[in-house]
Amino acid sequence: MFEIKDEYVLVRPRVTTRDDVILMLSDALARHGAVSPEYGRDVLQREQQYPTGLPTQGIKVAIPHAGSEHVIRSAMAVALLDKPVTFHCMDKPEEGLPVRIVFLLANKKPDEQVKFLRSIMSLFEDGANLRSLHVMPDAASVSAFLRDRMARAAV
């Protein structure tokens, strides 16, 4: 089971662009030794060429296939935003999606990415979960909620 540590969960109200979100999350992963400092740049480049994501309102998952050489160990960063930022989904890259929760996966094993995505989507099977996640007051509460939901999804 993948463990989401408290330090991977960031609550940032003043982020205004998708690039800000990606750089903030990649910097957090770099500070905790999961990726190299070049990781954020590679993720942004990947996002420009091949927008990735999930067609779920309010959620974006960035998966940097192109930057795998900069991944030191698998980890996940999470951003909760007070204002939506526009991202795109891989099934309709021409359409913007307002997003308030962003997951950034750093994964040494690309074949494991589908498993991670399924776990993430199981966290948000209904809107109530999404709303309760957004209003949680601190990183520890968010981390506990995610761990609980992932544990239930694995049963």
What distance do [X] atom [atom1] and [Y] atom [atom2] have between them, rounded to the nearest 0.5 Å?
X    : Y   : atom1 : atom2 : answer
L105 : S74 : CG    : OG    : 8.0 Å
R18  : L44 : CZ    : CG    : 7.0 Å
Q45  : I22 : CD    : CD1   : 13.5 Å
T16  : D20 : OG1   : CG    : 4.5 Å

(message) For D42 and E69: C-alpha separation, side-chain torsions, deciding distance, then whether side-chain contact (heavy atoms from CB on, under 4.5 Å) applies.
(response) CA-CA 10 Å; D42 283 0; E69 68 269 20; 3.8 Å; yes
Measuring only between side-chain heavy atoms, which start at C-beta, is [X] closer than 4.5 Å to [Y]?
X    : Y   : result
P98  : T86 : no
R100 : K83 : no
L10  : V78 : no
I101 : L80 : yes

Minimum heavy-atom separation for [X] and [Y], please, with both atom names.
X   : Y    : result
Y39 : A106 : OH-CA, 3.2 Å
A34 : A75  : CB-CB, 3.6 Å
S26 : L104 : N-CD2, 3.5 Å
H32 : A28  : CD2-O, 3.0 Å
V85 : T17  : CG1-C, 3.4 Å
A77 : L25  : CB-CD2, 3.7 Å

(message) Under 4.5 Å between side-chain heavy atoms, counting indirect links through other Ile/Leu/Val/Met/Phe/Trp/Tyr residues: same cluster for I72 and V43 or not?
(response) no
